[in-house]
2 protein chains.
Amino acid sequence: MLRLSKLTDYAVVVLIRLAQGEAVQTVPLIAQSTGVPEPTVAKVLKSLSASGLVLSSRGARGGYRLAQTLFDIPVSRVIAAIDGPIALTACVEGTGGGCSSESHCPGSGRWNLVNQAIHTALSRINLGDMALISLPNGLQTDFHPSDRRAPAFENREL
Amino acid sequence: MLRLSKLTDYAVVVLIRLAQGEAVQTVPLIAQSTGVPEPTVAKVLKSLSASGLVLSSRGARGGYRLAQTLFDIPVSRVIAAIDGPIALTACVEGTGGGCSSESHCPGSGRWNLVNQAIHTALSRINLGDMALISLPNGLQTDFHPSDRRAPAFENREL
DNA sequence: TCTATACAGGACAAGATAGGTCCTGTTAGA
DNA sequence: TCTAACAGGACCTATCTTGTCCTGTATAGA
């Protein structure tokens with residue numbers, strides 16, 4: 001199975017949660033509302049913060065908030081933030097090589113075509129699309145108004 | 001990193017090898033020419049045989065051969081043969097559910113959009129394309145003539 | 001200035017999974 | 001009948017992911 005780490009799934013849940021309710025939310029609050037364990041939420045948010053997807057503020061009244069709207073975050077960025085560069089195998093340009101059977105390998109660029117196709121596909125889907133699909137209708141109005149660009153999803157084509 | 005199993009990579013190597021040289025090839029022969037360990041080649045070929053991508057014949061003079069040309073095998077079929085259905089997470093329709101935090105999960109169909117996009121992308125790339133990219137020019141004429149559909153790759157668009 | 005709050009950045013252990021090996025049985029050609 | 005070669009498992013090991021914990025640092029408010 002083509003596998004994505006659970007942490008990436010959690011990251012999507014957390015980001016969608018951040019788009020709801022208070023602008024700035026703490027780790028315990030997010031953990032409680034999403035059901036994801038608190039240390040795991042913290043871990044995910046650290047990665048997202050390092051990638052610039054969320055902004056953090058320390059100290060009392062601190063917490064995390066989205067750096068941009070869900071519709072501006074392609075799925076590929078979330079995956080890259082948590083799992084690193086999107087690449088199907090170790091035999092891919094840019095990952096530094098080191099394949100033990102490189103001499104027998106009929107070409108190091110074999111999977112590049114596939115990687116490009118997947119990256120393109122993932123760049124076309126944003127978290128706003130995913131949130132709209134996953135949320136019950138009643139909750140869709142719970143988005144922070146500034147996080148909603150009306151035409152973005154209605155005329156969106158995959 | 002969005003990871004594909006090594007076995008899938010081996011499967012592609014083995015399938016491309018099967019398109020070269022003798023029509024029927026044994027496991028030891030393929031292992032020798034590809035550098036992949038013999039037991040691993042056997043394991044991969046069993047899976048490919050079960051999926052109908054290769055045909056097996058037992059007994060002396062037996063071995064494996066391609067069931068169809070490389071250009072008729074999309075990458076998605078190889079991945080499905082080795083790794084099972086293409087699905088990014090456990091929370092996907094058709095995998096039977098069982099997610100422990102399903103009650104908190106804001107929508108089980110969240111990743112379906114992404115899965116569909118990836119599946120579409122992978123269905124558009126076939127092993128013939130990959131073989132042409134990965135092989136040195138001198139070896140490209142080493143394909144079995146019947147495995148080559150001239151217009152297929154020259155005008156192919158991703 | 002002090003204290004409580006909350007993130008930052010690691011280290012680490014347990015469980016799951018993939019990768020690889022081996023064994024026995026079955027089939028088919030010589 | 002013998003040998004070559006695939007079929008179908010079981011099984012072990014190494015690696016990776018997941019989840020947890022600890023210590024340090026920054027900030028707001030009293």
Side-chain angles (χ1 to χ4, degrees), chain A residues 1-11 13-14 18 22 24-32 34-65 67 79 81-84 87-90 98-101, chain B residues 1-11 13-14 18 22 24-32 34-65 67 79 81-84 87-90 98-101:
Chain A
M1 184 172 69
L2 193 64
R3 284 248 317 276
L4 205 60
S5 71
K6 275 190 186 178
L7 287 183
T8 306
D9 193 17
Y10 291 153
V13 171
V14 166
L18 272 178
E22 299 294 323
V24 175
Q25 298 178 40
T26 66
V27 168
L29 181 69
I30 296 171
Q32 189 186 2
T34 58
V36 179
E38 196 172 313
T40 303
V41 171
K43 192 178 200 173
V44 165
L45 280 170
K46 284 174 200 171
S47 298
L48 294 176
S49 177
S51 300
L53 289 172
V54 300
L55 300 176
S56 64
S57 49
R58 290 184 165 194
R61 295 268 177 178
Y64 290 97
R65 61 191 171 89
I79 295 175
I82 304 293
D83 289 333
L88 284 182
T89 66
C99 176
S100 60
S101 52
Chain B
M1 185 171 66
L2 191 65
R3 283 251 314 277
L4 204 61
S5 69
K6 276 190 186 177
L7 288 184
T8 306
D9 194 17
Y10 292 154
V13 171
V14 166
L18 273 178
E22 299 294 324
V24 175
Q25 297 178 39
T26 66
V27 168
L29 181 69
I30 297 171
Q32 189 186 2
T34 58
V36 179
E38 196 172 312
T40 304
V41 171
K43 194 177 199 174
V44 165
L45 281 170
K46 284 173 199 171
S47 299
L48 295 177
S49 176
S51 300
L53 289 173
V54 300
L55 300 175
S56 65
S57 50
R58 290 185 165 192
R61 297 265 176 179
Y64 291 98
R65 63 193 171 89
I79 295 174
I82 303 294
D83 290 334
L88 283 182
T89 66
C99 176
S100 60
S101 52

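Chain identifiers are assigned alphabetically (A, B, ...) following the order of the sequence lines, protein sequences preceding nucleic acid strands; residue numbering begins at 1 within each chain. Small disclaimer: the values here were computed from a predicted structure and weren't measured.
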[options]: which one has an atom nearest the side-chain heavy atoms of [X]?
| X | options | value |
| --- | --- | --- |
| A:T26 | C:dC7, D:dG29, C:dG9 | C:dC7 |
| B:Y64 | D:dC6, D:dG19, C:dC7 | D:dC6 |
| B:R61 | C:dG29, D:dC6, C:dG10 | C:dG29 |

Rounded to the nearest angstrom, tell me the gap between atom [atom1] in [X] and atom [atom2] in [N].
| X | N | atom1 | atom2 | answer |
| --- | --- | --- | --- | --- |
| B:E38 | C:dC23 | CD | P | 14 Å |
| B:L53 | D:dC6 | CG | C1' | 17 Å |
| A:I82 | D:dT17 | CD1 | C1' | 13 Å |
| B:I30 | D:dA5 | CD1 | C1' | 12 Å |
| B:L55 | D:dA7 | CG | C1' | 15 Å |
| A:D83 | D:dT17 | CG | C1' | 10 Å |
| A:K46 | D:dT25 | NZ | P | 15 Å |
| B:L18 | D:dC6 | CG | P | 11 Å |

On DNA chain C, nearest-nucleotide positions of A:K43 versus A:S56: which is more 5'?
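Residue closer to the 5' terminus by nearest nucleotide: A:S56.
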Let me know, please, whether B:A60 or A:L45 comes out on the 5' side of the other along DNA chain C by nearest nucleotide.
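In this pair, the answer is A:L45.
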In Å and rounded to the nearest 0.5 Å, what is the [atom1] to [atom2] distance from [X] to [Y]?
| X | Y | atom1 | atom2 | answer |
| --- | --- | --- | --- | --- |
| B:S51 | B:I82 | OG | CD1 | 7.0 Å |
| A:I30 | A:L18 | CD1 | CG | 4.0 Å |
| A:I79 | A:D9 | CD1 | CG | 10.5 Å |
| A:T34 | A:L29 | OG1 | CG | 9.0 Å |

Show your reasoning for whether side-chain contact (heavy atoms from CB on, under 4.5 Å) applies to A:V27 and A:Y64.
CA-CA 8 Å; A:V27 168; A:Y64 290 97; 3.7 Å; yes
OP1 or OP2 of [N] sitting under 4.0 Å from any side-chain N/O of [X]?
| X | N | answer |
| --- | --- | --- |
| A:S5 | D:dT18 | yes |
| B:S57 | C:dA28 | no |
| A:Y10 | D:dT17 | no |

Just call it for B:P37: base, sugar-phosphate, or nothing, with non-hydrogen atoms closer than 4.0 Å on any strand.
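It contacts sugar-phosphate atoms only.
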Hey, does B:K6 reach any base, or is it just sugar-phosphate, or nothing, if we go heavy atoms under 4.0 Å?
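Touches sugar-phosphate only.
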For B:V27 and for A:R58, find the nucleotide of DNA chain D with the closest heavy atom, then tell me which residue's nucleotide is more 5'.
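Checking each residue's closest nucleotide, the 5'-ward one belongs to B:V27.
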